[in-house]
Structures are given as structure tokens and as C-alpha cells.
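Below is one structure, written out as C-alpha cells, with a few remarks after it.
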Amino acid sequence: MRTLSFTQAVDDALAQAMAVDSRIVVFGEDVPLLRRDLLVRFGPERVRGTPISESAFLGAGVAAAMAGLRPVVEVYMADFLGVCMDALLNHAAKVEAFSGGNWTAPVVVRAPCGGGYGDGGQHEQALWGWLAHIPGLTVLVPSTPTDAGGLMLAALQHDGPVIFLEHKLLSETYLELLGSGGRPTVQYDVPAAGTKGPVPRSWAPLPIGKAVLRRQGHDATIISVGVGVHRALEAARVLETEGILASVLDLRSVSPARRLPFRTPDTLRTRRSPVETASAPRCGACSSGRGAAQASRPMGSLPSSAAVTSVQEAST
Amino acid sequence: MRTLSFTQAVDDALAQAMAVDSRIVVFGEDVPLLRRDLLVRFGPERVRGTPISESAFLGAGVAAAMAGLRPVVEVYMADFLGVCMDALLNHAAKVEAFSGGNWTAPVVVRAPCGGGYGDGGQHEQALWGWLAHIPGLTVLVPSTPTDAGGLMLAALQHDGPVIFLEHKLLSETYLELLGSGGRPTVQYDVPAAGTKGPVPRSWAPLPIGKAVLRRQGHDATIISVGVGVHRALEAARVLETEGILASVLDLRSVSPARRLPFRTPDTLRTRRSPVETASAPRCGACSSGRGAAQASRPMGSLPSSAAVTSVQEAST
Amino acid sequence: MAPDLWTLYPLMLRSRLFEQAIADLWRDGLISGEMHLGTGEEAIIAGVVSQLQDGDAMALDHRGTAALLMRGVDPGLILRELLGRATGLCGGVGGHMHLFSRDHLAASSGIVGASGPAATGFALAAQALRPGTIAIAFFGEGAMNQGMLMESLNLASVWALPVVFVCKDDGWAITTQSASATGGSLSDRAHGFGVPAVEVDGRDVSKVWSAVHSAIERARSGGGPTFLHAQCVHLEGHFMGFQLLRSVRDPLGQVPAIALPLTQSFLRPGGAPLRERVAGLMHVAGVMRATQHDPRQDLANDPVPRVRQALLVDPERLLALEDRIAGELVEIVASALGEVSP
Amino acid sequence: MAPDLWTLYPLMLRSRLFEQAIADLWRDGLISGEMHLGTGEEAIIAGVVSQLQDGDAMALDHRGTAALLMRGVDPGLILRELLGRATGLCGGVGGHMHLFSRDHLAASSGIVGASGPAATGFALAAQALRPGTIAIAFFGEGAMNQGMLMESLNLASVWALPVVFVCKDDGWAITTQSASATGGSLSDRAHGFGVPAVEVDGRDVSKVWSAVHSAIERARSGGGPTFLHAQCVHLEGHFMGFQLLRSVRDPLGQVPAIALPLTQSFLRPGGAPLRERVAGLMHVAGVMRATQHDPRQDLANDPVPRVRQALLVDPERLLALEDRIAGELVEIVASALGEVSP
Ligand SMILES: Cc1ncc(C[n+]2csc(CCOP(=O)(O)OP(=O)(O)O)c2C)c(N)n1
Ligand SMILES: Cc1ncc(C[n+]2csc(CCOP(=O)(O)OP(=O)(O)O)c2C)c(N)n1
Ligand SMILES: [Mg+2]
Ligand SMILES: [Mg+2]
């Protein structure tokens, strides 16, 4: 066991896979610098920077996957998928069906998502529910470093398109790049267990579509993904002080979510199953959250002298 | 009362509004020919053809709306919104919140949607659920000519972005353009009451977000939109022969759907409320349907000698 | 090197006859939905596809049939696919805008411009996995206004990818004359991405072959992408049953349904001043006139008889060839239709 | 006509001082998230914005503060907005990438390239509702690879819309040197859309003013769009706290955290042969070197002292002017900070 941060874990699992599978290539804007550790090990043919042309390079990733590569396409933020949704909606998600099952596009789309650091509504959307709404896409939202690495490995071995979302509040890397930028004057409400944790020496893929029970309780079940899982655990601890014992279920995969143990005796025994996610006006875990429509109020709820400590889930 | 076809009704209501409101402009690919009746009445400044550049002209429509015009932006098919989602997701839907409520984008996006004429999965998606999943967008899916015209008028008067979807199976115009192309050898399973009907001499706007009960029954309620409403009515008639009395609720607006009379005594009395829409793997009426992932099998279920008579809801 | 017309003509004729058979089946109501034929662009497709080798890839647009056929995909499979049979190329699920052949690394898309990113991705895989192989993007001139295609030209340029971007320019995007919707010139545009552009008469298969030949050589040897701009005429207009063509080919049958509401609307009170209305009317009339006067009926614009002309030097060989091709196709169509559909 | 430096310099200085105050507040943790300053591009913004009239519109990118300020938006409102106050320009909801002023027809977007469609739409409304008014699109050179911006150039071209597309070219898109990601030249690209292109030194406000002057005249009189390509240097790099700048400005503090994992990864078994690894390392080193050697520290690249130089002919007037501007801003900042936040 080693200890890695969330994004380190993803990169580490990716590196392990790249070392044994030369079909894996990584590209996206600024990838040579963002993934410089991969660049100096795997070289500029396999770790590439792109122009700010998401439609072209995501579309190219889909086709490259069809032609035998295993591309990991990085999009700077999930929000920017708006400019290149066609590649997902009409191509990646459909080629398998169109081809009568003969052909698939095993592309991994990696993107940071969510907020809580005050960037506003075009940079802090969760969008997992919206993406999961497209049949044919697998949407993964890990909540811990060890899950993040294991699910990245699973994504790389999966035979269809996978959207791999890293919640920015779990990622020291992204928070430092985008939020604090080296200033010591801000801090974020980051859940310790999500941002850093023990990871295996050697990564093994985790099953896609398998939820995990993070906490056992008989009165209620809270279901969530990503940073929300840690909020749910906090909530469960508070509930316990009031005598309510809650289970916390971490979906890990928003789609598929077939193996949800909703019908197991254990969860059936609980009285209620609220869905805790980045606010959910429409369809629970399938929702992209209020942030999809509303700008986050970057520091609206803070005293002017305070650091950024409060997480506005509304902004994810 | 006059009788108009579905698309005629929309164009007629649009013409009525254009005659009194010079801010309304219409543009999109082939619009000068598709809306030639508007072109020869309102001139080429207000009825414009565009390059095949959805991102530019939809984005321009959003900004033009902010700057005082009332643009009706036509996208050839809802499926193609994939190439220009950013204009909806990150701009049209968010400007009101970003501006602290000071500014809105009253743009109407008009697009045919859905299928049943065998064009395949990049041309026959419903997508209303997926679009309704973006908070800030109003999504209208009328089921009759009279509703179509009234809702178009409402859309033109609405102070925010509206997606106005015309189900192709209700539109003689689109079926003729795309499906039959003048050949007498095909016919489609079109619901008569949806494709042609009485419309008012002078259009009045219908309330947005208000469902309408198409049929009253105490055993069950079937909820749907667009062509699905007519399927639901058919189903209700069949159910009646088996002694089951079903209500049929036409949402008309997928978002907002606040005024759904779910909690009225009437619908509470019904035992079950299935959602009848273009198949709904995830979230009922919010779903974009199986067609979003699966290609329709254009004629897979037909004998080789048969005309195209069967509607595959899976393909919408 | 010089093109071999005895190889190219059979490709073109076979494609023409096959698409004519498709047209008949479509008219008979046996094929559903829209049907975009490639009739009229056979010289471009043949000039390109005849030079492809194992491992080369093709990204196709909504007119992909001819390219697949010339690339060697079994016509029976294509036909069954269009008929919606489970025995079709894609299990009868794809339909004519979504024809895929994994064996041939060939993928279609009905989204205008999508062949740009697709060919770019194919070329990236070629560079990494199959050095010396290339990718082709086929698209129309209307697609050159679609952002993702322009982005792809740039991406292929900066990554020096082995792609040939083939623009089949018939001047029309459905009812829009592309000149009215396109600023600058397409060659200049390619140039603005650092991609060399070649203009060629797309009705002349020899000229296309030669232009493509050097572009493909360049791509194979790591010289990066080329933009090929080839003029052509779509003999059936945009798609089968195209309203505009019908209205000029069968004015009595179609025009009243168009003219009546048009006149009513033109005369209706409320709206623009007369000058604007007339401008609107002129636009519609202009498009109709352009369709009528368009070069479809001029045999010089049809690439198939044009190349045939050159082969008349050996009429015996020519007729034998034509007989064989026609005979094969008749059998293929009969066999597909004769099957009990599943 | 000639630019009036006594009008332009105050605009630029005010913007510079205001953004420096923002930078301080950001460092103090009072402003959240990313912060992209326009310091270094003041000559471009002033050269353009000083020529706008009532009813003209602006579509801004992620560096919109300077343009809004110069256009006349109340700095106190902007500041309160950045502080997240309900009394801010957008109720404290927008944040620095989403600044909107309806009164000034000015809208920002954090989506790279989105100012293209926005300005095109503003220009369409101008054409229809306010003839003689125009729209400006501000964007960086990296945005020129975004499809929607390229599409917008074409759309504005074929509709002959009154837009000036202003490309503020600092050569960088975050850590990417745009030359490595952009094929051809940007002027050629504009040309390929039928849009006339003008190259100008964006550090020299007089030159910018003159170039913009004729572009705006053209637009106002129905002559259609112009592409203005102006070079500049972003004095704070991409955004506040920019990692790359930190690593070269404070090598001892930052480099170990970067160099250690880099070296480990470089040496780790499994992966590319040495040649490839070295190429990777060279790339990282190249970017660092380019950041270090970049022209930020060369005063000639800073447009503010450059224009100031010319005004030293009347030092008394100059100093009085500067005092007044600085004094005003101090008050504005103090007033905003002094308020009890709601
Ligand atoms: C993104 C997108 N927008 C619009 C359409 C509708 N459409 C289909 S074909 C076509 C015209 C294409 O013109 P061109 O690229 O010149 O090809 P051609 O049909 O002339 O071969 C259009 C607008 C589409 N399929 N995809
Ligand atoms: C569509 C989109 N892709 C990526 C980003 C992330 N991003 C923000 S700024 C930027 C670089 C922009 O470079 P340039 O256009 O040159 O502007 P500059 O920052 O240099 O002023 C990128 C890639 C984004 N905001 N939007
Ligand atoms: Mg064309
Ligand atoms: Mg830049």
C-alpha cells in the first residue's frame, strides 16, 4: 500500500496500463504539461497536446478507438463537452448499435467536473446525470483515490466509450491549478478521505457498474457519487447523533447502475433512500444539478474576510 | 375554425406573430425554401438561410435575442443539436442566472424530432428528456396542430430560451420531405388527430407548463407528449375493451412541468401512471429514449414487400 | 504513373448500376427514409478509392455507398442492409447513412462534417499502428462550413497526419447554393490551416486519379494532409424524391402545391414592403431556375459516359465488361430480394 | 483621424491599476476561483473600446474586465461582483468570467471561442434594430482553433455583418504555445472566410486605434466584418498564480515539486525508448524556457509605460492625471471593501 492523491492515483493507474498496452495514447489541451510525468516516460507520440478544438480531437479519439488505439481524451472541464457533444451523442454512443454490434469505440473521456472553488456555472457543473442520460455511454464518478485508479484501469479495458469524471473538490491537482494557484489564503472544504488515500502497489480494474456500501445503517440509505459520498458520510454521522442509522451507498458508476443493490434485503429494510448528489432538481443521481442552470455565487455566502471554505453543492 | 396540418399550424402562428412583431426573425439551413411562404411575405432580411454552421448561428441567435431580436432558430433535426449544445447548455440556459436576473435570451429553437420513417439513429431521436434535463431551458412538445400553433405563439412571447420540437410523425411536411419524397409506395403510422386538425382563425398563446387531460379514466393514467399522446389514446381505447379506464395526460411541455396535476384528486385516484413516451430507459418522460443509443432498424420488422407502415417507437 | 481506365471504369459503372437499382427499390418503397445517392460523383470516389491499400481507412458522409462498394464491400451485404435485413452489413440496423465495415476500416455518418474528425482519428491510428497507411475523409462543400471539419483540417495539419480531405463540390447543400453561404474560397481556407489544396475537375476520373495519387504519396510518406477540391454534379439532386428537382421535372404535378400558398402569402397584408417581398420571391425563383438550368442533363457532367468514351477504342472488350458487371448486379439484387426476409 | 493619447492613456492606466487591485484581492483570498487579467492587452482594448458609440455591443472572453471598465461600467459594481456581493454587477452570481452589462450590451463567456457567435448575433441585431451600430468580438489566438469562432467568421462574412473580430495574440493558450497548435496563419484563415485581415502591433495603442478606426468605419457603413490580429503579452501569464510563471519566477520554491516526480517518471522502467523520453523532457524544458525568456519583463512589451512615454512632454498634466485616477480607484476599492458584505 502506498498513499496517493486522487489525481496522482488516476495518473498512476494510467501509467501502469500504458506501460503494458502500447495502444493507449493520451491527448487533449495542455496535456504535455498536465501529464508531464507521462510525457517524459511515454514520449510525445503517445502524450499529445491539441489545439483548442474539442470537436475535432474528441471526434478523432472516437475514430482512433475504432481503428485500434485506446485513446484517453482529456477535456479541460466537463462543462466544455457542450462544444463537442456530437462526438459522444451521435458517434461514440451509437457506433456499436449502428454497426450491428460489429464495432465499438473504446475511448476514455477524462474530465474534471464539479465545483466548490468559485469558478462559476460554465466551469463547475457535474453533468454526470446529463451524460448518463445518453444510452451507450458509461459514466464513472469515483470518490476515492483507490477507486479512481481502479476505475481508470477498468475504463481502459472497457470495450465501449467511458466518461471518467474527476470531481475537482477531490483533486489537489485541479484545486491548486484552478482555485488556489499557490495562494495560501484560500482553503476548500475537501473531504480528507477522498483526496488522499491508500492505493495498491499494483492496480487491478474495478468492476464497472458495481456500487459499494460505504456505511451500514438500518433506518435510511443515502446514495451518492464522487464528493457527495463524503458529504453523505458526514450527514450519516450527524444523523447517528440523532439516533438515525443511515447506510451510504457509493454508486461509483452513474451509468450503468444495473447492479444497484436496491432490492437486496439490507437496503429494502431501510425506510428511505434519499439521493445525495450535486443537487438534483429532476432525476436524482441522473441530474446535472442546479449548477447546470445557475451560476454559482462564487463567494456569496462568505464574509468578505473569509477564505473560500464553504462548498456550495449548488455549484456542481 | 380552419383546418391545418401540424407544420402549417406552426408556420401560420409564426406568420401571425411576425406580422405584428418586427423583432421576430427566422433563420437556419434552407430556411428560405423550407419557410418560403414566410420569405415572400417578410422578406430576406427576416427569413434567412445559413451556412451549415449550427454553433455559429445558434450562438448568434442567443446573442441576437439578448440584443433585442426574437430569433426563431431552425435546426434541421433535434439530433444535430449535438454539434451546438454549448449555445444551449452554457449560454442560453445560463445568461439569466449569470446576469443576476438582469438579462435573458428569448430565443426559440425550432427542430423536428423523433422518427418512425426509417432514417436511423442520428436523425430520429426525441431528445426532449435530455434537453429538459438542462435547467433554464423550456422544452415544448405539442401533439396537435392547434397546440402547436398556440405553443409557438407562447414560445415567441416567452422571456427565456424555448426548444420547440415538432415530432416528424405528426408533420406531413417533414414526412414528405424526408420519408416519402413523393413516392406513393410508403405510408406511415400517423395519428390522424395529430397531423391535421381545427385551428383558431386567430392564434392565442397557450400557457407554457400546463398539461392537458386528453381522456378521463379512473383506473390508470398514461402520461405522454407529442406523437406518444396519440399512441396513449389508442392504448386507452384498447384498455377500455378490457374493462380498464385510463386517463391520458398530455404534458405538452416537458420542462417546466410544474403544473402537472399529479396531486389533484382525480389522478390520485388512479392506480398507476405509466409514462408513455419514445421509450424511456431512465427517467420516464425525461428520457431521450432507446433511440439515443440504438439505431433504428429502418425496416427490420417488415416483410420485404411491405411499405413502411410500422412505427418503431424505439427509433425516436 | 497513369490511371488505368480499364480498372476505373468498371468501378464506376458497377457503382452507378448498383445505385440505380437502389433507387428503384427506394421508389418501390422497399427502402425507408432518406436516400442520398452518389450518382455523379463516381469519378471522384473511384479516383480515390482505387488507390487505397490494405489498412487504409475511409470516413464517409451521407453518400457512402459508392465508396464502400468500390472499396470491395460485398454489394449483397450493402443491399440487405438497406432493405433492413438482419443479414445486412450492419445487421439491418444501420440504414443507408450508417454503413460500417470494420474489415475495411470504413465508417459513415449522417452528421455533416463528422467525416473530418473521424478521418483524423483514423489517421492518428494509422500513424501509430500501421505506418504507411492513410485515411480519407469524404464530404461535400457545404460541410466546409461545419466547425468540426475546419478544426480537423487544422488538427491534421499540426499533427502532420496522413489524411486526404476530399471535398466533393456539387455547389449545393440541399436547397442552398453553397456559394451564397461560403465566404472566401475553399482552397484559401485549407491554405489558412497550412494544408496544401489541389483543385481538380471531379468529373474526369483520370485527373482525379492523378491529383489524388500525389496527395496519397505525400500522406503515406509522412508529408501530412492534402485538401482535394473536386467539382461534380449530383444527378439525382440532394436525395431521392428531392422536392426541388420534382418541381422542375414535373412542374404541373408539383408547382401548384407550392405556388398557391406562396402567392397567398406574398399577397397577405401585414409584413414587409413590396421590395422585400419581391426579393423573397426572386430568391425562391432563383433557386428553382438554378435547379432547372443546372448541369444535370448535360452529359459532359456525367463522369460515367465520359470515361466510357475513352474505352470505345476497344468496343468488344467494353461491351463484354459491361455485360458482366450488369449481369452480376442483376443476380445480386435478385438474390437479396428473393430471400425470405427474417 | 488620429488617436488622442490623452484620452487613451487614462483608460489604460485606470484599467491597469484596477486589475492590480483585483490581483491583490485575489492573492488575499477575497476573490474565488480562476482570475484571468487583461494586464498587457490594454492597448488593444483601449484602441477598440474608445471608438465605440451608444448601441454598440461587445462579446468578451474570459478576460473581460478591462473592456467593461473602459466601456464605462462602474468599477465599484465590477469589484463587488468579483467579491461575490449581492450588490455586484450581476448580483454577485456571475463571477469574473461571467460579467454582463445589459446597458452596455456587453456579455462575457468562459467558453473559449464563444465570443464569435455572440458578436455575430449582436451584429445581426445591430443590423436589424440599430443600423450604424456594430459589435466587437474579443478573443485570444488559441480561440481561433475553436470551430464556432471559425464558423462565425464565415457567417459574418456571408451576411456582411457589422463585426470587428479582435484577436489578442499573446502566443499562448495556457501552457500551449499556439504556434505549435495552429496551422497556417491567422490572417490567411480570415482571408479564407472572405474576411479582410489587418495585422497590428497590439502593444502600441496608436497603431491599434488607427487600424480599428477603419475597420469600425467599414462595419458601420455596411462593409462587413474585419479580422484584427494584434500581438500582445500577458504580464501575469495565463491567470493569477499561474504554475508555469511561478516555477520560473520562484524556481527554488516550485521546481522540486515538479522535477522530482518528473525525474522518477523519466527513469521508470516500462515505456518509451530513451529518444522518446528525451523528446518529452525537451518539450517540458522548452515550455519552461519559453516562459522564462518570454518578453514579460521587457518594458517595451508593456503598453502602459509605452504610451506614457509619449505624454511625458507635459509631465505636470500627466502626473495630475495619474494622481486623480489612482485616487479614484483607491476610494472605489476602499468603499467596496468597507461595506459590510450582505
Ligand atoms: C450537423 C448537420 N447539420 C445539418 C444536416 C442536414 N443536412 C444533411 S445533408 C446536408 C447538406 C450537405 O451539403 P454538402 O456538404 O455539400 O453535401 P452534399 O449533400 O451536397 O453531398 C444538410 C444540411 C446534417 N445532417 N448534419
Ligand atoms: C471550449 C473551451 N475549451 C477549453 C477551455 C479552457 N481554456 C480556458 S482559457 C484557454 C486558453 C485560451 O487561449 P487564448 O484563446 O489564446 O486566450 P488567452 O488566454 O491567451 O487570452 C483554455 C484552453 C475553455 N474555457 N473552453
Ligand atoms: Mg454539396
Ligand atoms: Mg493566447
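For clarity, every value in this text was computed on a predicted model and none was experimentally measured. Chain letters run A, B, ... following the sequence lines, proteins first, then strands; residues in each count from 1.
- Relative ring orientation between D:H62 and D:H238 is described as tilted, the plane-to-plane angle lying within the 30° to 60° band.
- Taking all atoms of both residues into account, the shortest heavy-atom contact from A:P191 to A:L169 is CD-O, 4.1 Å.
- When all heavy atoms of A:A9 and A:V199 are compared, the pair lying nearest together is CB-CG1, 4.2 Å.
- Among A:V83, A:T50, A:L38, the residue with the largest count of heavy-atom pairs under 4.5 Å with chain D is A:V83.
- Ring pair D:H36/D:F239 is tilted by interplanar angle, where 30° to 60° counts as tilted.
- Contacts between residues 176-185 of chain D and chain A, counted as heavy-atom pairs separated by less than 4.5 Å, involve D:T176, D:A181.
- In this structure, chain D has heavy atoms under 4.5 Å from both the backbone and the side chain of A:E45.
- Side chain of A:R41 to main chain of D:P269: a donor-acceptor pair is present (N/O by atom type, distance under 3.5 Å, no hydrogens or angles).
- Using a 4.5 Å cut-off between heavy atoms, A:V20 makes no contact with chain D at all.
- Note on ring orientation: taking the six-membered ring where Trp is involved, the planes of A:Y117 and A:Y188 are perpendicular (angle over 60°, cut-offs 30° and 60°).
- Test A:R2, A:R35, A:R201 against A:D12 for salt bridge (charged side-chain N to carboxylate O under 4.0 Å, His left out) and you get one pass: A:R2.
- Contact annotation for A:S22: neither backbone nor side-chain heavy atoms come within less than 4.5 Å of a heavy atom of chain D.
- Distance check: D:W26 CH2 to A:S180 OG gives 7.0 Å after rounding to the nearest 0.5 Å.
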